[in-house]
Amino acid sequence: MLTIHVAEATPETAVLVDGGLIAAVGPYEDLVAVRPEARVRQWPGILTPGLLNPFGPELLEGMYHPDPREAAGFGTEPIGGERAQRIFRADPARRGASARRAVQRLLAHGTVAVAGELRERAALDAVRRAGLAVGRRPERLPGAPSFSPAPLVLLPGLAPGAPARFAVFDVPDRATLVRLGPSTCVATVLGGRLVFRGR
């Protein structure tokens with residue numbers, strides 16, 4: 001199925017997706033003229049190649065991400081350090097559910113790739129099932145582990161033939177994205193699939 005993704009502030013870099021691959025990148029009007037039968041998804045803001053989060057092991061293996069139903073006992077924010085390890089030791093089955101919730105939070109922040117060596121099956125399975133790419137870790141890590149690391153690591157530009165992997169942020173330009181952070185994400189696409197939609 002052909003789909004054109006276009007964002008209001010970047011109509012010159014619309015993306016035509018065919019299955020799991022990028023078929024074309026170019027001005028929205030050009031893509032619609034060439035493939036008028038394609039489904040169109042229109043988004044606010046800017047369409048980008050998406051983000052790499054360099055804290056894969058720290059977020060997916062080193063923290064416990066509570067289920068919303070556990071808010072009374074654990075709160076709603078990720079739990080790190082020895083407390084997280086105690087939770088995992090008390091119930092090893094929590095690792096898988098925690099990793100899946102962490103992946104969902106990554107997707108909600110426009111993350112399309114993670115970096116760092118993942119060793120636990122639960123984290124590896126969650127990353128593989130979501131379709132997240134695994135990239136190289138920067139030589140210097142940007143501060144403490146976060147879903148919104150600073151500085152942001154944007155992936156290289158989109159190109160025909162590449163996997164359909166990108167994110168859309170409800171900001172007018174990249175400078176505003178850097179200032180406001182990736183919580184402005186409204187859509188994340190992996191393997192041609194819309195895996196997160198914020199509105």
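What you see below is based on every heavy atom in this structure, not just the backbone, and it leaves out hydrogens, waters and symmetry mates. Here the structure is a predicted model, which is why all the values come from computation and not from measurement.
Side-chain contact between Pro163 and Ile22 is absent, with no heavy-atom pair separated by less than 4.5 Å. At least one side-chain heavy atom of Val103 sits under 4.5 Å from a side-chain heavy atom of Leu132. The shortest distance between side-chain heavy atoms of Tyr28 and Val40 falls below 4.5 Å. In this structure, the side chains of Glu70 and Tyr64 come closer than 4.5 Å at one or more pairs of heavy atoms. Taking the side chain as every heavy atom from C-beta outward, Cys185 and Val168 never approach each other to under 4.5 Å. Contact of the Leu2 side chain with the Leu16 side chain is registered, since non-hydrogen atoms from C-beta on lie closer than 4.5 Å. Residues Arg100 and Gln104 form no side-chain contact, since every pair of their non-hydrogen atoms from C-beta on lies 4.5 Å or further apart. In this structure the side chain of Leu59 reaches within 4.5 angstrom of the side chain of Asn53, judged on heavy atoms.
Here Gln85 contributes atom CD and Ile79 contributes atom CD1; the two are 11.5 Å apart, rounded to the nearest 0.5 Å. For the atom pair Leu152 CG and Arg179 CZ, the distance stands at 12.5 Å (nearest 0.5 Å). Distance check: Thr76 OG1 to Asp67 CG gives 11.5 Å after rounding to the nearest 0.5 Å. Atom CZ of Arg89 is separated from atom CZ of Arg94 by 13.5 Å, given to the nearest 0.5 angstrom.
Hydrophobic clustering places Phe196 together with Leu60 (ILVMFWY residues linked when any side-chain heavy atoms are closer than 4.5 Å, directly or through intermediates). Val6 and Val34 are assigned to two separate hydrophobic clusters, defined by single-linkage of ILVMFWY side chains at heavy-atom distances under 4.5 Å. Following chains of ILVMFWY side-chain contacts shorter than 4.5 Å, one can reach Val171 starting from Leu154, so the two form part of one hydrophobic cluster. In the hydrophobic cluster analysis, where Ile, Leu, Val, Met, Phe, Trp and Tyr join through side-chain heavy atoms closer than 4.5 angstrom, Met63 is grouped together with Leu106. Hydrophobic clustering, with ILVMFWY side chains joined whenever heavy atoms are under 4.5 angstrom apart, keeps Val112 apart from Phe169.
Ion pair Arg121/Glu61 not flagged as a salt bridge, since none of the NZ, NE, NH1 or NH2 atoms sits closer than 4.0 Å to an Asp/Glu carboxylate oxygen. Comment: Arg95 engages Glu120 in a salt bridge, judged by a side-chain N to carboxylate O separation of less than 4.0 angstrom.
Between the side chain of Thr10 and the backbone N or O of Ile46, no donor-acceptor pair lies under 3.5 Å. A donor-acceptor pair under 3.5 Å links the side-chain atoms of Asp173 to the main chain of Thr176, judged by distance alone. At least one donor-acceptor pair under 3.5 Å links the side chain of Thr48 to the backbone N or O of Ala167.
In this pair, His5 and Trp43 present their aromatic rings parallel. The plane angle is below 30°, not in the 30 to 60° band.
Nearest heavy-atom pair across Pro54 and Pro149 is CD-CG, 4.1 Å. Nearest approach of Ala7 to Pro44, heavy atoms of both residues: CB-O, 4.1 Å. Summarising the geometry of Ala23 relative to Asp18, their closest heavy-atom pair is CB-CB, 4.0 Å, with the distance given to 0.1 Å. Between Pro27 and Ala14 the shortest heavy-atom distance is C-CB, 4.5 Å. Scanning all heavy atoms of the two residues, the minimum distance from Pro182 to Leu51 falls at CB-CD1, 3.5 Å. Shown here for Pro66 and Gly75, the closest heavy-atom pair between the two residues is CB-O, 3.6 Å.
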- Query: Does the side-chain contact (heavy atoms from CB on, under 4.5 Å) test come out yes or no for Thr3 and Val15, once each step is laid out?
  - Reply: CA-CA 8 Å; Thr3 305; Val15 177; over 6 Å; no
- Go through the steps for Ile87 and Phe74 under the test side-chain contact (heavy atoms from CB on, under 4.5 Å), then give the verdict. CA-CA 10 Å; Ile87 292 170; Phe74 292 123; 3.5 Å; yes
- Message: Between Met1 and Glu37, is the side-chain contact (heavy atoms from CB on, under 4.5 Å) condition met? List the steps.
- Response: CA-CA 10 Å; Met1 179 171 156; Glu37 75 279 16; over 6 Å; no
- Message: I'd like to know whether Leu158 forms a side-chain contact (heavy atoms from CB on, under 4.5 Å) with Phe166, so could you lay out the CA-CA distance, the side-chain angles of the two residues, the decisive distance to 0.1 Å, and finally the verdict.
- Response: CA-CA 8 Å; Leu158 302 169; Phe166 51 88; 4.1 Å; yes
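Taking the six-membered ring wherever Trp is involved, the centroid distance between the rings of His65 and Phe147 falls below 6.0 Å.
The side chain to side chain donor-acceptor pair (under 3.5 Å) contacts involving residues 135-153 comprise Glu58-Arg137, where partners must be two or more places apart or lie in separate chains.
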Side-chain donor-acceptor pairs under 3.5 Å in residues 187-194, sequence neighbours left out?
residue, atom, partner, partner atom, Å
Thr188, OG1, Leu107, O, 2.6
Arg193, NH2, Ala130, O, 3.0

